[in-house]
Amino acid sequence: MEHIELFFKSIFVDNMVFAYFLGMCSYLAVSKKVSTAVGLGAAVIFVLAITVPLNWLLDQYLLQEGALTWLGPEYADYDLGFLSFIMFIATIATMVQLVEIIVEKFSPSLYNSLGIFLPLIAVNCAILGGSLFMQSREIETLGLALNYGIGSGIGWFLAIVAIAAIREKIRYSNVPPALRGLGITFIITGLMAIGFMSFGGMLTGGEEEATEETVENNVGMVTNTDEETSSLAIETITDTDKN
Amino acid sequence: MGLLSKKDSKLILDPLADDNPITIQVLGICSALAITAQLKPSIVMAISVVFVLSVGNVVISLMRNIIPSKIRIIVQLIVVATLVIIVDQVLKAFAYSLSKELSVFIGLIITNCIIMGRFEAFALANKPWRSFLDGIGNALGYGVILIIVGFFRELLGSGTLFGFKVLGDSVEKTGLYAFGYENNGFMVLPPMALIVVGIIIWVQRSRNKELIED
């Protein structure tokens, strides 16, 4: 149950693109055609599925406070957490390089479809973001970390394929000249993000909404107080702390 | 601009408008949008990027002749990661609540495409002083957009600026709220950041027709 919940949560509710804007650069740059978007999306799933569990192991056995106890009791109070950025990015860069070499050697056809995207991925925020969210959400087991990696990869894949399909169609529409290209893509992404927000109640089974509604009824129509909106803003930013 | 020659000041001024990293070069959107629900984190983020990009550009530019081109990406990543760790530790020490609020997005400066983009496109081929100016210019261009977006989202979404209630009190119905004005709670949600940036791009391109695509 835990696995299923995390899986769907990372695809829909905490979608990399729509909820956290991760990997926007390649999302905007490589979404002109569906076929290339599928290639890049697949590569992202692949790399996230490898790097998130790997960084989970690093985090558990090297970086966290007290993680070095396996070396001996005298290492118990070392906290190397400040090194996590550099460790994560080094792992990602080397893994991407390694995956590229392995895929090129054993599966030239896969290399032809994925290969050109792999170097791009080393500096894709979605990959590092996956590892950093994994760390800040304190995901408990290796299995869940793998699950989270694949889930958020699929979420990113869905987003880029959807926007590429829309951009292919919108070429035939009469968009205001100043909005053509980048501008309209931003606004469409915003609208898609609004759509994805409706998945928010999916995992609570509507219970959270129900309690909120009763509170609303008690207070009356005054719901948009400053406190509520600003706490909402902080909630969307530090959503990570809740888990 | 006594200190700077005309060419040098162009390096700083161009990215602020006509060659803006976000709206024209499409770089660095990743970490830009999520933290702009309020003005304060936007400004902190802008300052962090100014620091990382200007120092990083100088470091890369100093090393440009000794970095083997095959492993330059790794070298660049290590330089950025080191600088970002410094920023992160400083924030944790002096502004802990803010660093909690920005959470992973400080770390994501590492993969901010602006930084890698400027390293690749400028610092690897230019002298340190010019690279420094280029770094400042581009980071400021990024910061300007962040601050504009943060300004509108906080003003329209919560009716505050830096946490001060500039539009009056929404509960006690003072100021604008006395006339029936309501906060648009939608502005603080993630999707509106995208739409606000879309509108900025629209305005900028209508003013300068040369930037229009296709």
Side-chain angles (χ1 to χ4, degrees), chain A residues 18-26 28-29 82-86 88-90 93-94 119 122-129 132-133 135-136 176-187 189-194 196-197 222-226 228-230 232-234 236-238 240-241, chain B residues 23 26-35 37-38 41 73-74 77-78 80-82 84-85 88-89 100-105 107-108 110-113 116 157-160 163 165 169-171 182-183 185 188-195 197-199 201-203 205-206 209 212-214:
Chain A
F18 298 129
Y20 297 108
F21 312 108
L22 298 181
M24 284 298 283
C25 303
S26 22
L28 291 168
F82 66 94
L83 284 178
S84 43
F85 292 158
I86 215 163
F88 286 175
I89 196 71
T94 38
V123 287
N124 187 326
C125 338
I127 311 290
L128 182 64
L132 289 175
F133 275 126
Q135 189 192 31
S136 68
L179 211 50
R180 249 170 234 164
L182 192 60
I184 195 74
T185 314
F186 264 101
I187 291 178
T189 311
L191 296 176
M192 284 163 76
I194 295 172
F196 263 69
M197 278 175 63
V222 195
T223 48
N224 262 349
T225 59
D226 284 312
E228 196 172 328
T229 41
S230 57
L232 208 61
I234 294 164
T236 46
I237 295 166
T238 56
T240 55
D241 298 330
Chain B
T23 59
V26 207
L27 295 174
I29 299 143
C30 326
S31 54
L33 298 171
I35 42 92
Q38 281 158 325
I73 302 270
I74 288 256
L77 283 174
I78 299 295
V80 193
T82 318
V84 170
I85 289 175
D88 185 49
Q89 296 294 320
K100 267 273 168 240
E101 204 173 309
L102 288 167
S103 68
V104 301
F105 292 99
L108 287 172
I110 299 173
T111 46
N112 193 323
C113 333
M116 299 297 284
S158 330
T160 57
K165 294 175 178 166
D169 198 305
S170 62
V171 182
E182 287 286 343
N183 283 328
V188 296
L189 297 175
M192 281 314 283
L194 288 160
I195 293 177
V197 174
I199 292 171
I201 293 173
W202 191 4
V203 171
R205 293 190 181 181
S206 335
K209 302 278 183 213
I212 292 172
E213 286 174 49
D214 299 329

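Residue numbers start from 1 in every chain, and the chains themselves are labelled A, B, ... in the order their sequence lines are given, proteins ahead of strands.
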*Asks:* Which region of Leu28(A), side chain (C-beta onward) or backbone (N, CA, C, O), has a non-hydrogen atom less than 4.5 Å from a non-hydrogen atom of chain B, or is it both or neither?
*Replies:* side chain
*Asks:* For Ile195(B) and Ile187(A), which heavy atoms make the closest approach, and how far apart are they?
*Replies:*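 Minimum heavy-atom contact is CG1-O, 4.2 Å.
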*Asks:* Could you state the interatomic distance from CZ (Phe85(A)) to CD1 (Ile110(B)), rounded to the nearest 0.5 Å?
*Replies:*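 If I round to the nearest 0.5 Å, the distance is 6.0 Å.
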*Asks:* Tell me the closest heavy-atom pair linking Phe105(B) and Tyr20(A), and the distance in Å.
*Replies:*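 For Phe105(B) and Tyr20(A), the tightest heavy-atom pair comes out as CE2-O, 3.7 Å.
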*Asks:* I need the single residue from Leu77(B), Val84(B), Ile74(B), Val80(B) that forms a side chain to side chain contact (heavy atoms under 4.5 Å, CB included) with Ile89(A). Which is it?
*Replies:*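 Passing option: Leu77(B).
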*Asks:* Rounded at 0.5 Å granularity, tell me how far CG in Leu108(B) sits from CD1 in Ile127(A).
*Replies:*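 Between Leu108(B) CG and Ile127(A) CD1, I get 11.5 Å after rounding to 0.5 Å.
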*Asks:* If you round to the nearest 0.5 Å, how far is CH2 of Trp202(B) from CZ of Phe186(A)?
*Replies:* 15.5 Å
*Asks:* How many angstroms lie between atom CG of Leu194(B) and atom OG1 of Thr189(A), to the nearest 0.5 angstrom?
*Replies:* 6.0 Å
*Asks:* Excluding sequence neighbours, so at least two apart, what forms ring-ring contact (aromatic ring centres under 6.0 Å, His included) with Phe196(A)?
*Replies:* Phe18(A), Phe199(A)
*Asks:* Locate the shortest heavy-atom distance separating Arg205(B) from Arg180(A); write the atom from each residue and the value.
*Replies:* NH1-O, 3.8 Å
*Asks:* Tell me, for Ile78(B) versus chain A, whether the close heavy atoms (under 4.5 Å) come from the side chain, the backbone, both or neither.
*Replies:*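 Both parts, backbone and side chain.
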*Asks:* Distance check, rounded to the nearest 0.5 Å: Ile85(B) atom CD1 versus Phe82(A) atom CZ?
*Replies:*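 So the CD1 of Ile85(B) and the CZ of Phe82(A) are separated by 7.5 Å.
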*Asks:* So which atom in Met197(A) and which in Pro191(B) form the shortest heavy-atom distance, rounded to 0.1 Å?
*Replies:*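 The pair with the smallest heavy-atom distance is SD-CG, 3.4 Å.
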